[in-house]
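Side chains are part of it too, since the values below use all heavy atoms of this structure and drop only hydrogens, waters and symmetry mates.
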Amino acid sequence: MWGSLGRRGRRADWGAPPASTRLDELKLLAVDMETTSLDPRTGDIVSLGWVPINGARIDLSGAGYSVVRGARVGEDAHVHLLTQEVVDSGIELEEALSALRTALHGRVLLAHFAQLEVGFIERASQHVFGERPRLSVVDTFALERRHMERMGTYPRGEDLRLARVRERYGLPRYSNHNALSDALACAELYLAQRRRTRAESLRDIAL
């Protein structure tokens with residue numbers, strides 16, 4: 001677990017695209033994390049995965065996955081599907097976060113319920129680099145909630161879970177709790193949502 005960070009620190013430019021970028025030209029990076037807690041103040045990153053999206057196309061050649069050394073999974077190993085031995089043989093947080101920062105350059109962060117990923121990235125970046133990133137974020141959770149509310153349907157939390165939303169779009173079921181497959185699942189969901197939206201640019205869909 002990371003210690004207290006005190007002041008929130010300065011913001012760093014990670015190369016996010018401008019809000020005026022058209023969706024056909026928009027580059028995103030679907031990101032998912034497995035963590036020991038839902039609270040970045042008390043939890044550690046166990047693993048992270050990402051999948052690039054270029055316009056309306058997923059680029060699996062740019063996908064990445066890392067297990068991060070330092071977390072204690074203990075009794076939660078059955079949740080993360082990673083034993084303590086596997087976690088202990090992972091890479092350092094600085095290496096994992098540096099790779100993510102490189103992959104995110106020039107892209108929008110895409111996640112499902114993105115506040116978790118954003119919170120952990122900001123805290124880890126402050127810990128490793130001494131600064132928090134200035135991110136542009138699109139959240140498939142928020143996009144679906146907006147759509148359901150426009151349709152007069154007010155969803156409960158369960159209605160917005162990634163697997164449940166994908167099911168409504170006719171997307172295949174993936175096993176949960178793997179950061180890479182969940183990132184891919186989020187990327188596919190975004191493309192399904194994108195086909196339905198009238199949005200034209202990033203500013204229409206960003207948080």
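- Distance check: T35 OG1 to E117 CD gives 8.0 Å after rounding to the nearest 0.5 Å.
- Put simply, M33 and L207 are part of the same group of oily side chains (I, L, V, M, F, W, Y) that touch within less than 4.5 Å, one to the next.
- When all heavy atoms are compared, the tightest approach of L191 to G55 is CD2-O, 4.1 Å.
- Both I45 and V137 are assigned to one and the same hydrophobic cluster, defined by single-linkage of ILVMFWY side chains at heavy-atom distances under 4.5 Å.
- Side-chain heavy atoms closer than 4.5 Å link hydrophobic residues (I, L, V, M, F, W, Y) into clusters, and following such links, even through other members, never connects L162 to V31.
- Judged purely by atom type and a 3.5 angstrom limit, Q84 uses its side chain to pair as donor or acceptor with the backbone of V73.
- A salt bridge links E122 with R11: the distance from a Lys NZ or Arg NE/NH1/NH2 to an Asp or Glu carboxylate oxygen falls below 4.0 Å.
- Side-chain atoms of R72 never come within 3.5 Å of backbone atoms of T36 as a donor-acceptor pair (strictly under, hydrogens ignored).
- Using a 4.5 Å cut-off on side-chain heavy atoms (C-beta onward), I121 and L109 make contact.
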Point to revise | Derivation of the side chain to side chain contact (heavy atoms under 4.5 Å, CB included) call for R173 and R166 | key: CA-CA 8 Å; R173 179 180 294 274; R166 284 176 56 85; over 6 Å; no
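- Atom CG of residue L110 and atom OG of residue S136 lie 10.5 Å apart, to the nearest 0.5 angstrom.
- Contact of the V165 side chain with the T140 side chain is not registered, since no non-hydrogen atoms from C-beta on lie closer than 4.5 Å.
- Not one N or O on the side chain of D182 forms a donor-acceptor pair closer than 3.5 Å with the backbone of A179.
- In this structure, the side chains of D159 and E144 stay at 4.5 Å or more apart for every pair of heavy atoms.
- Note that CG of L26 is 13.5 Å distant from CD of E200, once rounded to the nearest 0.5 Å.
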Exercise for review: Could you give me the CA-CA distance, side-chain angles and deciding distance for L104 and W50, then say whether side chain to side chain contact (heavy atoms under 4.5 Å, CB included) is met?
Suggested key: CA-CA 9 Å; L104 256 176; W50 61 81; over 6 Å; no
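- Residues V87 and V67 approach most closely at CA-CG1, 3.7 Å, considering heavy atoms.
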Review point. Run the side chain to side chain contact (heavy atoms under 4.5 Å, CB included) check on Q193 and H147 step by step: do they pass?
Key: CA-CA 9 Å; Q193 292 174 321; H147 169 70; over 6 Å; no
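- Between Y154 and M148 the shortest side-chain heavy-atom distance does not fall below 4.5 Å.
- A 4.5 Å side-chain heavy-atom check between S125 and L97 finds at least one atom pair inside the cut-off.
- Within the 4.5 Å cutoff, the side chain of E188 has heavy atoms near those of the Y174 side chain.
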Review point. Can D39 and R41 be said to form a salt bridge (Lys or Arg N to Asp or Glu O under 4.0 Å), step by step?
Key: CA-CA 5 Å; D39 187 344; R41 296 172 297 180; 3.0 Å; yes
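- With hydrogens and angles disregarded, a donor-acceptor distance shorter than 3.5 Å links the side chain of T21 to the backbone of P18.
- Once rounded to the nearest 0.5 Å, the distance linking CD of E34 with CG of N178 reads 7.5 Å.
- Listed for the H112 side chain is a donor-acceptor partner under 3.5 Å among the backbone atoms of L160.
- Separation of atoms CG (L100) and CH2 (W14) is listed at 5.5 Å; rounding is to 0.5 Å.
- Within 6.0 Å of CZ on R156 lie no more than 12 heavy atoms contributed by other residues, nucleotides or ligands.
- A cation-pi contact links R101 to F129, judged by a cut-off of 6.0 Å to the six-membered ring centre and 45° from its axis.
- L143 and L202 fall within a single hydrophobic cluster, where Ile, Leu, Val, Met, Phe, Trp and Tyr are joined by side-chain heavy atoms under 4.5 Å apart, directly or via other members.
- Nearest heavy atoms, A183 versus A30: O-CB, 3.3 Å.
- No side-chain heavy atom of F113 sits less than 4.5 Å from a side-chain heavy atom of L38.
- Atom CG of residue L135 and atom CG of residue D13 lie 10.0 Å apart, to the nearest 0.5 angstrom.
- Contact record, A199 with L23: O-CD1, 3.5 Å, taken as the closest heavy-atom pair.
- Hydrophobic clustering (side-chain heavy atoms under 4.5 Å, transitive across Ile, Leu, Val, Met, Phe, Trp, Tyr) groups L180 together with L184.
- Smallest separation of non-hydrogen atoms from P17 and V108: CG-CG2, 3.5 Å.
- What you find for S47 and Y65 is that their closest heavy atoms are CB-OH, 3.8 Å.
- Side chain of D139 to main chain of A114: a donor-acceptor pair is present (N/O by atom type, distance under 3.5 Å, no hydrogens or angles).
- The side-chain heavy atoms of V68 and D44, taken from C-beta on, include no pair separated by under 4.5 Å.
- The backbone N or O of L29 lies less than 3.5 Å from no partner atom in the side chain of R107, so there is not a single donor-acceptor pair.
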